[in-house]
Protein chains: 2
Amino acid sequence: MTTLLIADDHPLYRDALRGALSLSLPALTLSEAGDLTSTVDILNREDIDLLLLDLHMPGSNDLFGLIHIRKLFPDVPVAVVSGTEDTQLISKIMSAGALGFIPKTASSGDIANAVQAILDGDVWLPPNLSDSVDEIDEEFSELADNVASLTPSQYKVLCFMRDGLLNKQIGYNLDIAEATVKAHVTAIFKKLGINNRTQAVLIASQLELEPPATSDH
Amino acid sequence: MTTLLIADDHPLYRDALRGALSLSLPALTLSEAGDLTSTVDILNREDIDLLLLDLHMPGSNDLFGLIHIRKLFPDVPVAVVSGTEDTQLISKIMSAGALGFIPKTASSGDIANAVQAILDGDVWLPPNLSDSVDEIDEEFSELADNVASLTPSQYKVLCFMRDGLLNKQIGYNLDIAEATVKAHVTAIFKKLGINNRTQAVLIASQLELEPPATSDH
DNA sequence: CGCCAATTACGACTATAGTCGTATGCGACC
DNA sequence: GGTCGCATACGACTATAGTCGTAATTGGCG
């Protein structure tokens, strides 16, 4: 018995996915999550054979969340479900460790095929895009590895840095001394191979696709 | 006699544009530029009725370059030519003051129509996208105005900040004292309504679409 | 248990960022 | 020609960022 986890903040789209899968692949158990925290909870509790992950979930921070989950559960295959058609972005998604990319516009047949292929251990990309996305972005892959090597504390600090907070404010939020925040910041610099906060923020903003100021709609 | 300036770093695409336009609109004079500096030079020397601008030109920094040109030559209509299909991005382009958006996949007939419409004072968008892009992004429009209000020196400093340079390094590049760089930085903060370098870098990175590390190809 | 490695934590110190006041040059406009 | 506004320029000062050394804690592992 194989178990799928559908992680998408849109309940209607979860329903649609469930419908598309139950038709072609009846021998499945399905779980659902609406944000990154509950996704991690379920992955901790249950034995999941494949995660269908929407990048724009609350708390996910887009590629950040994918890297995060890949680090916590390296054995769980992940297929990213997204509305984007940007081949560069899809290339980044694959470089960050996804085993498949399913466009939100895909037919239920394609979706079922994709899920089956990934469950069989294959990599799956939409047919019309597989040409332009075949090679993974080495540079970005290394970047994703570096970000994945951050400890939980360092990860949180980097998230706050990306929001433009001062070390003092980060310390207040995490309830630690400013000196400790600075130590984390220095450790992040070393792991990412950089030497100041500006470069760290640039890297972090590459991993978050939605500009913070603009609404998703 | 109307004069067009084609600004695109790809000579072949300049040729293609010229061909598409000379067929339908023979009464045109055409100039060409391959990077932002020569584009500005030509706009200074010649009387241009319409600029066809590719965002990914060398030195352009994408939306940064559009805002820059809109500020230097507010009376010259600009139509952006780009390969993107991202409606959010197109909305930003229009909010930054472009009068039209021409996809690189457009047919020569559509291109000629678009050019004619903008020369007539209309706004032109690809037919299939005009629904989703009709409203301009107020927030982003204000941001573009703020960036446009930067003086030339401040603009240069912001570009260097976005590249992760220290104030000292920026001063060396511009041949001014570090104290002067700091004064510019403070002025930038006030104009953009922010109070530290991290937030400035985030804003600047929103205006540059290509991640610095990745090649365009 | 005892050991080691990694993480988290902090203080003291140095470097850089950012503020404020001020001076100079330059074009617009009476 | 005066003077007003603005961009540019810089120095002195304060705040924040970033480095280094060190200690307490935790989780494997023999």
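The structure presented is a predicted model; accordingly, all values stated were derived computationally and were not measured. Lettering of chains follows the sequences in order, A, B, ..., and the numbering in each one begins at 1.
Taking every heavy atom of both residues into account, B:I102 and B:A79 meet most closely at CD1-CB, 4.4 Å.
With sequence neighbours left out, the salt bridge (charged side-chain N to carboxylate O under 4.0 Å, His left out) criterion links A:R14 to A:E32. Judged as a salt bridge (charged side-chain N to carboxylate O under 4.0 Å, His left out), and not counting sequence neighbours, B:K71 has no contacts. Listed by chain and number, the residues in a side chain to side chain donor-acceptor pair (under 3.5 Å) with B:D15 are B:R18 (sequence neighbours excluded). Listed by chain and number, the residues in a side-chain contact (heavy atoms from CB on, under 4.5 Å) with A:K156 are A:L174 (sequence neighbours excluded). Every salt bridge (charged side-chain N to carboxylate O under 4.0 Å, His left out) that B:E178 has, sequence neighbours left out, goes to B:K182.
Listed by first and then second residue, the ring-ring contact (aromatic ring centres under 6.0 Å, His included) pairs that reach into residues 28-48 of chain A come to none, sequence neighbours excluded. Pairs of residues two or more places apart, or lying in two chains, that qualify as ring-ring contact (aromatic ring centres under 6.0 Å, His included) and include a residue from residues 68-104 of chain B are B:H68-B:Y155.
In terms of phosphate contacts, A:T151 brings no side-chain nitrogen or oxygen within less than 4.0 Å of OP1 or OP2 of C:dA6.
Residues from residues 184-195 of chain B with heavy atoms under 4.0 angstrom of DNA chain D, sorted by number: B:H184.
Here the range on DNA chain D touched by chain A, meaning any atom under 4.0 Å from one of its heavy atoms, is D:dT16 to D:dT19.
Computed from coordinates, the A:E178 CD to C:dC10 C1' distance equals 12 Å when rounded to whole Å.
Both A:T198 and B:T180 lie close to DNA chain D; mapped to their nearest nucleotides by heavy-atom distance, the more 5′-ward contact belongs to B:T180.
When heavy atoms are screened at a 4.0 angstrom cut-off, A:A183 is found touching base atoms of the nucleic acid.
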